[in-house]
Amino acid sequence: MLALVKTAPGPGLSLHTVPDPEVGINDVLIRVRKTGLCGTDLHIESWDPWAARTINPPLVVGHEFVGEVVETGSNVYDFTPGDVVSGEGHVTCGLCRHCMAGRRHLCAHTVGLGVGRDGAFAEYVVLPMTNVWSHWPGVDEDVAAIFDPFGNAVHTALSFSVLGEDVLVVGAGPIGLMAAAVARHAGARFVVVSEPNPVRRELALRMGATHVVDPTARTLRDVQAELGMVEGFDVVLEMSGNAGALRDALGNMAHGGGMAILGIPNDEIPIDVSQVVFNQLTLRGIYGREMYETWYKMSVMLRSGLDIRPAITHRFSYRDHEAAFATARSGESGKGLMDWMD
Ligand code: NAD
Ligand code: ZN
């Protein structure tokens, strides 16, 4: 099969013919149709310090996908060739305390698709059946291709109750954009999105943000005053990984507020812990998605009117992967897809 491969340590990715993945007795073999490009793929492509520490080439990259089941192992009864599916990219151990208790998102032995095992930027991908999610008939395949990051957005946005609350989304990358839409769908009053990039602020408005702010031009204090807010944001969704932005958000929260932190900072972030204490804040780290409560919520929200399609701004053939990566890296985009059937 054709696959986008990191062949050796160092920058770059290239298309190669590699052996088809082997299908174990508990596995599902999937013909990949569309894939989404994620920041993780960019880190692996550019071979930054995280990638150099984490990745063992050769590796097929990519983890956001939709495809069709083509073969199943002899233990697999719940999937049939022809099913349209996506994959939960965190392959958990199944044996630890949390896995055994059904809290697989808390597994400490998670292996990432396209990170610790061969991924989905390929004609075929194999996953254990417990990592495969069946879509409903007629699902929009562009949307199905990005269930993984959409799940990050949903898991983060639903970490604290947002009904009637004032929500601040920090960072309007693809995940922040989708989180803004989810917060609005889930009944937030104000959904303020803070983002320095004007292209992304515009996208945030299309996704349902009630207000956008350029943090280089205006303070959150001013925004609060303009909206008539007196006690601060009830819920903050930190999706930038930016130190100053996180600290700024922390200082603009209502007493008793909650901050769900998805953004991955490059360095340590000093914070004023007395703000957390006196304002009785809850900070919650978010990694991945809940298996499979988040996937259930994604599906029902999409089927009851939530629209995340404006977050998808670019579509490429897998052959144009270099252009796809360059566009994602530029920041002048929402989510980019690659089509593997072209
Ligand atoms: P992204 O890099 O496309 O988006 C981050 C956005 O933050 C950018 O649009 C950037 O302009 C904006 N930003 C930068 N400085 C800012 C500031 N001072 N104030 C407000 N916004 C600012 O990333 P993404 O794909 O949308 O992912 C969001 C974050 O979540 C990233 O940090 C990513 O590494 C992380 N992530 C975490 C998980 C997880 O499971 N925890 C999964 C996927 C991604
Ligand atoms: Zn486990």
Side-chain angles (χ1 to χ4, degrees), residues 36-44 48 50 63-64 88-115 128 130-131 146 148-157 159 168-180 192-204 207 209 212-220 223 236-249 252 260-267 269 284-291 294 308 311 313 327-336:
L37 250 169
C38 164
T40 304
D41 308 317
L42 303 184
H43 292 302
I44 298 173
D48 68 4
W50 169 83
H63 56 276
E64 303 175 2
E88 164 55 59
H90 286 180
V91 179
T92 58
C93 78
L95 297 171
C96 70
R97 170 193 177 174
H98 289 303
C99 281
M100 293 297 281
R103 298 184 294 260
R104 292 172 56 194
H105 61 292
L106 296 178
C107 177
H109 313 287
T110 296
V111 176
L113 184 68
V115 176
T130 47
N131 279 71
I146 58 167
D148 176 298
F150 176 37
N152 294 137
V154 167
H155 186 16
T156 314
S159 280
L168 173 66
V169 180
V170 184
I175 303 180
L177 289 171
M178 292 187 277
V192 176
V193 176
S194 171
E195 165 63 56
N197 177 332
V199 172
R200 292 186 159 180
R201 283 202 302 277
E202 184 57 37
L203 284 170
M207 293 296 286
V212 290
V213 53
D214 175 357
T216 64
R218 296 176 65 210
T219 67
L220 292 174
V223 173
V236 173
L237 310 177
E238 202 318 290
M239 307 200 144
S240 74
N242 182 281
L246 186 149
R247 275 203 298 270
D248 199 23
N252 280 276
I261 307 175
L262 180 93
I264 302 172
N266 289 327
D267 295 302
I269 301 181
R284 183 178 180 201
I286 302 291
Y287 184 53
R289 301 142 294 279
E290 280 190 52
M291 293 163 240
T294 305
I308 58 165
T313 54
T327 303
R329 212 178 282 292
S330 75
E332 305 300 301
S333 57
K335 180 59 83 178

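Whatever order the structure lists ligands and atoms in, that order sets their numbers, starting from 1.
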| Value rounded to 0.5 Å, distance of CE in Met291 from OG1 in Thr130 | 9.5 Å
Would you check if [X] and [Y] make a side-chain contact, meaning some heavy-atom pair closer than 4.5 Å?
X      : Y      : value
Val111 : His109 : no
Ile308 : Lys335 : no
Trp50  : Ile44  : yes
Asp148 : Cys38  : no

What residue and heavy atom of the protein are closest to [atom], and at what distance?
atom                    : answer
atom 33 (C) of ligand 1 : Ile264 N, 4.3 Å
atom 5 (C) of ligand 1  : Met239 O, 3.6 Å
atom 44 (C) of ligand 1 : Ile175 CD1, 3.6 Å
atom 3 (O) of ligand 1  : Arg200 NH1, 3.0 Å
atom 12 (C) of ligand 1 : Glu195 OE1, 3.2 Å
atom 4 (O) of ligand 1  : Gly173 CA, 3.3 Å
atom 20 (C) of ligand 1 : Ser194 O, 3.3 Å
atom 14 (C) of ligand 1 : Pro196 CG, 4.1 Å

| said: Counting backbone and side-chain atoms alike, is an N, O or S atom of His98 positioned under 2.8 Å from the Zn ion (ligand 2)? | reply: no
| His109 backbone or side-chain N/O/S under 2.8 Å from the Zn ion (ligand 2) |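 Short answer: no, not a single N, O or S atom is under the cut-off.
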| Arg104/Glu88 salt bridge by N-O under 4.0 Å criterion | no
| message | Can you check which of Val169, Thr216, Asp214, Leu262 brings a heavy atom nearest to atom 30 (O) of ligand 1? | response | Leu262
Under 4.0 Å, heavy-atom basis, I'd like to know which part of [X] is in contact with ligand 1: side chain, backbone, both or neither.
X      : value
Pro174 : both
Asn242 : side chain
Ile286 : backbone

| field | Short N or O distance, Asn197 and ligand 1, threshold 3.5 Å exclusive | value | no
| task | May I ask you to check whether Gly241 has an N/O atom sitting below 3.5 Å from an N/O atom of ligand 1? | result | no
| remark: When every non-hydrogen atom of Ser159 is compared with those of Ile286, the smallest separation belongs to OG-CD1, 3.1 Å
| Minimum heavy-atom distance Val193-Ala180, with the two atoms named | CG2-CB, 3.9 Å
Close-contact set for ligand 1 against [X] heavy atoms, below 4.0 Å:
X      : answer
Pro215 : 19 (N)
Val170 : 20 (C)
Ala245 : 17 (C), 18 (N), 19 (N)
Asn152 : 40 (O), 42 (C), 43 (C)
Gly263 : 29 (C), 30 (O), 32 (O), 35 (C)

| said: I'd like to know whether CG of Asn266 has more than 12 heavy-atom contacts from other residues, nucleotides or ligands below 6.0 angstrom. | reply: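 Not more than 12 within 6.0 Å, no.
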| Under 4.0 Å from atom 7 (O) of ligand 1, is there any protein heavy atom? |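 For atom 7 (O) of ligand 1 the answer is yes, since some protein heavy atom falls inside 4.0 Å.
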| task | Determine if the distance from atom 23 (O) of ligand 1 to the closest protein heavy atom is below 4.0 Å. | result | no
Do any N or O atoms from the side chain of [X] and from the backbone of [Y] form a donor-acceptor pair under 3.5 angstrom?
X      : Y      : result
Ser333 : Thr327 : yes
Arg289 : His155 : no
Arg200 : Gly331 : yes
Thr313 : Gly334 : yes
Asn131 : His90  : yes

| query | Once rounded to 10 degrees, what value does the angle at the Zn ion (ligand 2) take between SG (Cys93) and SG (Cys99)? | reply |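 Result: 120°, to 10°.
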| Quick one: does Gly244 get a heavy atom under 4.0 Å from ligand 1? | no
| query | Under a heavy-atom criterion of less than 4.0 Å, does Gly288 contact ligand 1? | reply | yes
| said: My understanding is that only one of Val170, Thr156, Leu237 makes a side chain to side chain contact (heavy atoms under 4.5 Å, CB included) with Leu262; could you say which? | reply: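 Of the listed residues Val170, Thr156, Leu237, the side chain to side chain contact (heavy atoms under 4.5 Å, CB included) partner of Leu262 is Thr156.
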